[in-house]
There are 2 protein chains.
Amino acid sequence: MRENKNITVTEIARRLDLSRSTIDRVINERGNVAAATKEKVLKYIEKINYTPNRAARHLAKMTNYTIAISYYFPRKFAEKINQGIDEIYEELNHYGLNIIIRAAQSREEQLAQIKELAEQVDALILSAWDKPELITLINELVERGIPVATFNRDLPGSNRLFYFGCDYYQSGRLAGEIIAKMADPGKIAIIGDPEDRIAAQRITGFKDVLQKLNDFKLIGPWEITQNFNLTASLNKEVVEKVEEISLVNQDLTAVFVVNQTLKAVAEAINKLGKASQVKIIGYDLYQGTVKLIEADLVQAVICQQPFNQGYFPLKLLFEMLADQKDIQTEEYITKLEIVMKENLCYYDNYRGLS
Amino acid sequence: MRENKNITVTEIARRLDLSRSTIDRVINERGNVAAATKEKVLKYIEKINYTPNRAARHLAKMTNYTIAISYYFPRKFAEKINQGIDEIYEELNHYGLNIIIRAAQSREEQLAQIKELAEQVDALILSAWDKPELITLINELVERGIPVATFNRDLPGSNRLFYFGCDYYQSGRLAGEIIAKMADPGKIAIIGDPEDRIAAQRITGFKDVLQKLNDFKLIGPWEITQNFNLTASLNKEVVEKVEEISLVNQDLTAVFVVNQTLKAVAEAINKLGKASQVKIIGYDLYQGTVKLIEADLVQAVICQQPFNQGYFPLKLLFEMLADQKDIQTEEYITKLEIVMKENLCYYDNYRGLS
DNA sequence: TTGTAGGCGTTATCAC
DNA sequence: GTGATAACGCCTACAA
């Protein structure tokens, strides 16, 4: 049984025969309290397990914090992030949370936006590509006392307060396990850009799981540049590349797609009539992915809780600013979720909770 | 950009040249307001999109609601439920939420507990087995104005306000899909008690997915009574049954375990040296399940967000009571999550968020 | 070093 | 019908 004792500062003051402000001084460490008094108050507070009433505190302080979020994501992924942002805004705007969202269309635009945002916010949350210039900027902000957190993509080398997102190495391992359990013995092609830090981590994890199994031989990775706005020509390039791979490797039984070319890859395999023979695994739900899973062209996709990635960084930072809550860890690692046909309904346009 | 406008009742009163009380009467529909005045106020409120400050409201109302939770679960599952309960208590106890948890050791004990709880709470949340007596009791409570919600196990035929938990039919379908993707062609044994409503739903879903595939033949279900405290003798009974099934069906390639006998089943298959040939799928993480997955004796397990099942029913009911928020649907369906070796770390002793 | 007083935005009670 | 006025628990001057 958890019960609200409802003891107030006034009540404590009455019982200890002191004034409310003295209690307040002790609680909020404002100084100017006799050692003996302080001791007495602390002891009593400890004893009755007092915690200040959040509603009253917010009301009295009338704090107002503006937190900005900057990212550069594919549309469908951004939508899910935004759902999380909307939810936490709904919960906390009455306690003084203001949010600025800046969705960039390119990496360059993003850097400019962050510079601009820095002047008008109490905290910053961003998902950005590694860039020495950006790291310097972030460290400057932190120096200036503006807390910065990263989400989805961490920024190694920077002094960001914490990272909220998935473990990409582990997500590679998970993909490896799924393929090992579903694919027939044979060759597995890896599609992705190992120049990209995150893709590289995934590929490493993937290899670590599969290389010790005798059933499979890994080929690739084939570099296909990561691009959110898959153009027709790029799409064609992917299709041709996959066709070639499949032709050269007749014993191809799986494709591991690390970037956003999942749709093109699946279409190529399907066109060759090899859909039932070649298993395809990828990441995240982008435009078109849903249909591929429904059509059994893609066996599974690994997701990383985009809703939470929008929701929690804001919550954590706001509670730090407004309630002096501590950040518990510098890495909040999100769950890796396996999405297949029969649980797809919970990930695509899911209007349920969390 | 989402920004806090911070318009107060006092401000509205000033602008409309009325008193705060009048504004309050309109907002909270207390009556005694001239039609014209009311109209004017409503229009203005609509225009500026006013919503009352939650902190101030909580402070002024000083509401105090006690919500009780009653369940009867295996230990490890209950632990996860409790984590969710703790979290929401942490968040809302300052706004007047008190919680009573009653974990029963048997169905009979649970019924008695619910009767007792009914006298001292503002709302009730329960996960209980179907029982005409219980349905009558619940309906009585609802009649008396005490909202009742179900979680994990719904109570069909009752007037509960909402159900929060998973779709068991769909969880059966998902198990079917996983097995279809992982198992070699052959026979699939179903272990579970079809007398139990939930097991029956899972089995139906499972069959609906697999029966149309030619690769597999379903056998069973074998009734093994559901029991949370798997005794040594029951364990032995399961092992013997599985050995027999495996012996009679040499082309057994998968076992679908609907109840808590997962560990016994896996041990039996392992003892027969058929672990690599026979894939095993089950539900939830119980004592011992983790080790089975790590040892590749169980391929995957389907989970249903136990944390959320503890967290959200309380949140929803409290916000209904304290903030007059509406319950949006009478069925909040939780995600079905696939847990395998490489994402097991996020489900077992996971100290991350959500 | 300690105490007093007023206010945050809302609700509730009373008087006009 | 309407308008004062006093809470709720905490914080922040300012006074003693």
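None of these values were measured; they are calculated from a predicted model. Chain letters run A, B, ... following the sequence lines, proteins first and then strands; every chain starts at 1.
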Mark up nucleotides 10-16 of chain C, 5' to 3', with B wherever a protein heavy atom is under 4.0 angstrom from a base atom, S wherever such an atom reaches only the sugar-phosphate, and - elsewhere.
BSS----
Quick check on DNA chain C: between B:Ala55 and A:Gly31, whose nearest nucleotide comes earlier from the 5' end?
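Closer to the 5' end of DNA chain C: A:Gly31.
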Examine B:Tyr332 together with B:Phe162 and report whether their ring centres are nearer than 6.0 Å.
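That pair passes the under 6.0 Å test.
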Member of A:Glu109, A:Lys115, A:Glu116 meeting the side-chain hydrogen bond (donor to acceptor under 3.5 Å, both in side chains) criterion with A:Gln113
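Per the side-chain hydrogen bond (donor to acceptor under 3.5 Å, both in side chains) rule, the option paired with A:Gln113 is A:Glu109, out of A:Glu109, A:Lys115, A:Glu116.
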Tell me which of A:Leu59 and B:Val33 sits closer to the 5' end of DNA chain D, going by the nucleotide each one is nearest to.
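Between the two, 5'-proximity favours B:Val33.
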Distance check needed: [N] [atom2] versus [X] [atom1], whole Å only.
X       : N     : atom1 : atom2 : result
A:Asn64 : C:dC8 : CG    : C1'   : 13 Å
B:Glu11 : C:dC8 : CD    : C1'   : 14 Å
A:Met62 : D:dG9 : CE    : C1'   : 13 Å
A:Lys40 : C:dT1 : NZ    : P     : 15 Å
A:Glu39 : C:dT1 : CD    : C1'   : 17 Å
B:Glu29 : D:dG1 : CD    : P     : 16 Å

NZ of B:Lys76: more than 12 outside heavy atoms within 6.0 angstrom?
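Yes, NZ of B:Lys76 has more than 12 neighbouring heavy atoms, counting only those of other groups under 6.0 Å.
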Is the phosphate of D:dA4, meaning OP1 or OP2, less than 4.0 Å from a side-chain N or O of B:Ser19?
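Checking B:Ser19 against D:dA4: no side-chain N or O falls below 4.0 Å of OP1 or OP2.
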Kindly say if B:Thr37 contacts the phosphate of D:dT2, meaning a side-chain N or O under 4.0 Å from OP1 or OP2.
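Checking B:Thr37 against D:dT2: at least one side-chain N or O falls below 4.0 Å of OP1 or OP2.
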Quick one about B:Gln309 and B:Gln304 (side-chain donor to acceptor, distance below 3.5 Å, no hydrogens or angles considered), yes or no?
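Side chains of B:Gln304 and B:Gln309: pair found under 3.5 Å.
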Start with the C-alpha gap between A:Asn93 and A:Asn98, add the side-chain angles, then the distance that decides, and say whether side-chain hydrogen bond (donor to acceptor under 3.5 Å, both in side chains) holds.
CA-CA 6 Å; A:Asn93 84 84; A:Asn98 301 317; over 6 Å; no
What orientation do B:Phe73 and B:Phe77 show, parallel under 30°, tilted 30 to 60°, or perpendicular over 60°?
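B:Phe73 vs B:Phe77 ring planes: perpendicular.
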